[in-house]
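Beneath this line is the structure, given in structure tokens, with notes to follow.
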Amino acid sequence: MAKSLFVCQSCGAEHRKWMGQCTDCGDWNAVTEQVIEAAAIRSVGKGQALEASSITSINLENSPRRSTYIEELDRVLGGGLVPGSAVLIGGDPGIGKSTLLLQAAAKLAADKKNGTVLYITGEESIQQVHLRGERIDALHDDLLLISACELESILATIAKLKPSTVIIDSIQTTVSSRLSSAPGTVSQVRDCSAALIQHAKAHGHVVILVGHVTKQGALAGPRVLEHMVDAVIYFEGDRGHAHRILRAVKNRFGPAGEIGVFEMCDRGLIGIRDASRLFLAERAKDTPGSVVLACMEGTRPLMVEVQALIAPTVYATPKRSAVGVDANRVGMLTAVLERRIGLPLSQHDVYINIAGGARIAEPAADLAILLAMVSAFQDKPVPEDIAVFGEVGLTGEVRPVGQPEARAKEAVNLGFSRILLPAENHERVQKANIIANMRSDNAKPLVLTAVRHLSEAAQKIL
Ligand code: TYD
Ligand code: MG
């Protein structure tokens, strides 16, 4: 008798009976029935003793990284693609995953060292891919296209062509004929990925999997997929903005948290080296509620504008709303302001926005958010030449943050001449001897304003 199991398509949890809401992840209408394939019972053979190598004797010569010649992508990958590795790239539909990978594929194919690149599309026809390639100048003889969904034929093609890099666009359209479940289901995604990754490891080519994301923004399919691959990269961005951020959330071969910034234009994606300038481009000067924050994204400093708006509420419970930062954190910071500075915010709505669509998850943003709120509430602008960083605790104390020198340097590069920073970071930044206004004639030392408490910070700059 065929047995069936009910599997959540969001998180991969298995249930004995059908349910409307998955009890594991809380998603509605995600549990579907799957027939369990009878597993062949194999006898356990005798294992063979394997050769062990000393960690110092392992030869790295034959696995150099392959540059994609897209600087922002290489940065996120930790310097390039590592042969034999698997990379998962996720993002909303239409964000530019296929465009970026086609650009990278053409660049990889153009490098004589690499051999061919195989781009497998399960969503578009090869004519469509060609047209796009023509438009974004991503054509090369060694870039091979196939339009295929069936795993077995894909594996056979890879084995025949022996490409250096395989791009699967997307893993949700890939199906194994061995399984009866529909494309995109947990078991299909898991089995197809496992087979593709195993093939890549065995043959030393790179495999890049494109993954769709759910409404909540997580990669669709089982979480196990994230464990199986070597790097997980998210492509994110606002529909309202032309720029896109590529973010490594996991990377076995490089630092995680690294970001790459691109702009989508009519000829594909263009890397933006000077991301801070982009995020500060439309900054309103001398406006209350605007503070420039020096934050870190991975190893890269980034300057962004934090905006706050505070308005008398019409609701029984005032609104606390945040775009680009964690709303819970804003709630907490609002409480700190009320208690430690005495701002009567219980009758006011608080809105926080990170201009330009950036997303900041660092506690080092606290001080900037708080000062933006104070500035908005008092209707006094923060001087425009000041950049701010620092974490703030519940008692209002300002705490030191990591990499203060890098933040200060980036601020100076963008023309800031004063920095408000935690007292405990002061010495490190001072030692770095950063000169402000390097480019103009009136070079002078950077002015550092060190603070220990939120109230001191507000007093010194407002
Ligand atoms: P695409 O790479 O197909 O997204 P994904 O694979 O992540 O679903 O990107 C499609 C979007 O990008 C589409 O809305 C059109 C836009 N686009 C440009 O603006 N310029 C271009 O040169 C290209 C190729 C696409
Ligand atoms: Mg696509």
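Just so you know, ligand 1 is whichever comes first in the structure, and atom 1 is the first atom listed for that ligand.
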For this session: List the steps and the verdict of side chain to side chain contact (heavy atoms under 4.5 Å, CB included) for Phe6 and Met19.
Result: CA-CA 8 Å; Phe6 297 85; Met19 47 185 77; over 6 Å; no
For this session: Using atom types as modelled and distance alone, determine if a side-chain donor or acceptor of Glu33 lies under 3.5 Å from a backbone N or O of Ser4.
Result: no
Problem set entry | Electrostatic pair Arg273:Glu71 at N-O distance under 4.0 angstrom | yes
Exercise. Restricting to pairs with a member in residues 263-303, which pass ring-ring contact (aromatic ring centres under 6.0 Å, His included), not counting sequence neighbours?
Worked result: His243-Phe279
For this session: Select all protein residues for which some heavy-atom-to-ligand 1 distance is less than 4.0 Å, and list them by chain and number.
Result: Asp92, Pro93, Gly94, Ile95, Gly96, Lys97, Ser98, Thr99, Arg132, Arg135, Ile136, Met264, Cys265, Asp266, Arg267, Gly268
Exercise. Should the pair Asp230-Lys201 be classified as a salt bridge under the 4.0 Å nitrogen-to-oxygen rule?
Worked result: yes
Seminar exercise, completed: Residues passing the side chain to side chain contact (heavy atoms under 4.5 Å, CB included) test with Asp349, sequence neighbours excluded, are Thr313, Tyr315, Pro318, Lys319, Tyr351
For this session: Answer yes when Arg244 and Glu72 have at least one side-chain N-carboxylate O distance shorter than 4.0 Å, and no when they do not.
Result: no
Problem set entry | In the protein, N/O/S atoms that are found under 2.8 Å from the Mg ion (ligand 2), waters not counted | Ser98 OG
Problem set entry | Side-chain ion pair, Glu123 and Lys97, N-O less than 4.0 Å | no
Exercise. Between Cys8 and Val186, which heavy-atom pair has the shortest distance, and what is it?
Worked result: O-CG2, 3.3 Å
